[in-house]
There are 2 protein chains.
Amino acid sequence: MSTHDDLRDIALAEFAVAGYAGTSLQRIAEIAGLSKSSVLYHYDSKEALLQAAIGPAIDRMDAILDSLGGSLTDRDDRHAFIVQFVDFLLAHRLEVHMFINQGPGLEDVPVIDRANAMVVKLATFFSSSVGTVEDHLRFGIALGGAAYVLSAKQDDALRDQQFGEAAQIEVRTALITIVTELLEPVSLRSAQATT
Amino acid sequence: MSTHDDLRDIALAEFAVAGYAGTSLQRIAEIAGLSKSSVLYHYDSKEALLQAAIGPAIDRMDAILDSLGGSLTDRDDRHAFIVQFVDFLLAHRLEVHMFINQGPGLEDVPVIDRANAMVVKLATFFSSSVGTVEDHLRFGIALGGAAYVLSAKQDDALRDQQFGEAAQIEVRTALITIVTELLEPVSLRSAQATT
DNA sequence: ACGGTAACTGACCGATCGGTCAGAGGCTGT
DNA sequence: ACAGCCTCTGACCGATCGGTCAGTTACCGT
C-alpha cells in the first residue's frame with residue numbers, strides 16, 4: 001500500500017479512538033515512521049486528512065441511499081436494505097463511529113456537514129414523518145449501537161485474528177438479526193406479551 | 001447553583017460534545033464567564049474536572065451493580081434491573097456517552113479506568129461466560145445505542161422543552177421496551193420466524 | 001551525464017495548550 | 001480597624017499545536 005493510503009488509514013484509526021482534536025499530526029507521523037512535514041506533504045492540512053479518511057464511506061452510503069427509491073414499506077426491500085446497511089457498517093465501522101460521535105462539535109468542516117446530512121437522510125428511510133418516539137429511538141439505537149459495538153470490538157477482533165473469517169460471518173449474521181428486529185416497524189411486529 | 005458545580009456541569013457538557021482533548025480550559029472559563037485561572041482555582045487540573053464530571057455517575061452505577069447479587073437469571077430481577085439501568089442512562093446520558101466513546105484513548109486517567117472496569121462489570125451481568133457472539137452484540141448495542149440516542153436527542157430535548165415531562169416519560173417507557181427486547185436471553189425468547 | 005520531479009526533512013512561525021504564581025478585591029468575625 | 005479567608009485575576013511559563021518553507025535525497029527518462 002502506498003504511503004498516501006497508509007497515512008489515511010492511520011489517521012482514521014487514530015481519529016476514531018482518540019478523536020479528531022485529540023490526534024496530532026505529530027502522532028500520525030510517528031506511527032507512519034515519517035516526519036510531520038511529510039504528512040503535510042501528502043495532505044494539505046489536518047482537515048484534508050479527515051476528509052480523505054471518512055469521505056469514501058460517505059460516498060458509499062450516499063450511493064446506497066440514492067439507489068433506493070422512496071420509503072421502505074415492502075418487507076423484502078427492507079430486508080435487502082438492512083443487509084446493505086450492515087455490510088456498510090462492517091466495512092466502515094471506524095468512519096461511522098467517528099461521525100456518529102464527533103459529528104456534533106466538528107461543525108464548519110465540510111465533510112462533517114455531509115456526514116450529518118447523510119445520517120439525517122438515512123433516518124428518514126426508517127422513521128418517515130409518521131414515526132413515533134419509539135421508532136426514532138429504535139433507529140438511533142440500531143445505528144449508534146452497531147457503530148459502538150463494532151468499534152469497541154476492534155481490540156478483540158485483532159486479538160482473535162485466527163478466527164477472523166468465521167467470526168466475521170457470525171458477527172454479520174447476528175447483526176442482521178438484531179438490526180432487523182430493532183427496525184421492524186410496529187405494523188409488521190407480532191403481538192408481544194405485556195410485561 | 002454554586003460556581004463550583006456550574007463549572008462541573010459546563011465541563012461535562014463540553015467534554016461530551018467536543019471530547020476531552022477537544023475542550024480547552026479557556027473555553028470552559030468563557031462559558032462560565034470566568035478567567036482560566038478561576039477554573040484552575042476551583043479544580044486543580046483539567047483531569048480533576050473530568051473526575052468531578054463523571055465520577056458521580058460511576059459511583060451510582062457501581063452502587064447499582066453492588067446491590068445485585070450474582071447473575072440475573074430470574075425474569076423479574078432482570079426486568080427490575082433494566083428499569084434501574086434505563087433510569088441511570090436517562091439521568092447520566094452525557095457521562096455514559098463520554099466514557100463509552102472516549103474510554104479507550106483516555107487511558108492512564110484513573111477515573112476512566114474505573115469507568116472501563118464498570119462497563120466490563122456491567123457486561124458480565126448479561127453475557128456471563130456462556131455468552132454467544134450475538135448476546136455480546138446485543139448488550140453492546142443496547143448500551144452504546146442508548147447512550148448515543150440519548151445524547152443525540154439532546155438538541156431536540158432542549159428545543160421541545162414545552163413537552164418536557166410527557167416526552168420524557170414516553171422516552172423512558174420506549175427505552176425500557178427496547179432494551180428489554182434487546183437483552184432478553186435466547187432461552188427466554190419466543191420462537192422467531194425464519195427470514 | 002544531466003535535469004526534473006516525487007518524497008522527505010529540519011528549522012522555524014504564531015497561536016494555543018495546561019498549569020503556576022503573586023497579588024487584588026470583597027466579605028466575615030473579632 | 002484589622003486579620004483572615006474566599007474568589008478571582010493577569011502575567012507568565014514550557015510544551016505542543018497546525019502549518020510554512022528552503023533545502024536534501026533518490027530515482028527517473030532522455
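Between His136(B) and Thr132(B), every side-chain heavy-atom pair lies at or beyond the 4.5 Å cut-off. Put simply, the side chain of Phe15(B) reaches to within 4.5 Å of the side chain of Leu50(B), judged on heavy atoms.
Inspection of the Glu30(B) and Gln26(B) side chains reveals an N or O donor paired with an N or O acceptor under 3.5 Å.
Between the side chain of Asp5(A) and the main chain of Met1(A), no donor-acceptor pair closer than 3.5 Å is present.
Scored by the side-chain hydrogen bond (donor to acceptor under 3.5 Å, both in side chains) test, His42(A) finds no partners at all (sequence neighbours excluded).
In this structure, Lys36(B) atom NZ and dC12(D) atom C1' are separated by 10 Å, rounded to whole Å. Going from atom CG of Asp6(B) over to atom C1' of dC8(D) covers 15 Å, rounded to whole Å. Per the geometry, CG belonging to Leu40(B) stands 11 Å off C1' belonging to dC17(C), to the nearest Å.
Each of dG18(C), dC6(D), dC21(D) was ranked by its minimum atom distance to the side chain of Tyr41(B); first place goes to dC6(D).
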Steps toward side chain to side chain contact (heavy atoms under 4.5 Å, CB included) verdict (Leu182(B), Leu182(A))
CA-CA 8 Å; Leu182(B) 270 174; Leu182(A) 269 175; 4.3 Å; yes
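OP1 or OP2 of dC8(C) lies within a sub-4.0 Å distance of a side-chain N or O belonging to Thr3(A). Of the side-chain N and O atoms in Ser37(A), none sit less than 4.0 angstrom from OP1 or OP2 of dC8(C). The shortest distance between the side-chain N/O atoms of His42(A) and the OP1/OP2 oxygens of dC8(C) is below 4.0 Å.
Salt bridge Glu181(A)/Arg138(B): present, at least one basic N to carboxylate O contact under 4.0 Å.
Within a heavy-atom distance below 4.0 Å of DNA chain C, the residues of residues 44-56 of chain B found are Ser45(B), Lys46(B). Listed by residue number, there are no residues of residues 18-32 of chain B with a heavy-atom contact under 4.0 Å to DNA chain D.
When hydrophobic clusters are built by joining Ile, Leu, Val, Met, Phe, Trp and Tyr residues whose side-chain heavy atoms come closer than 4.5 Å, directly or via intermediates, Tyr41(A) is not grouped with Leu7(A).
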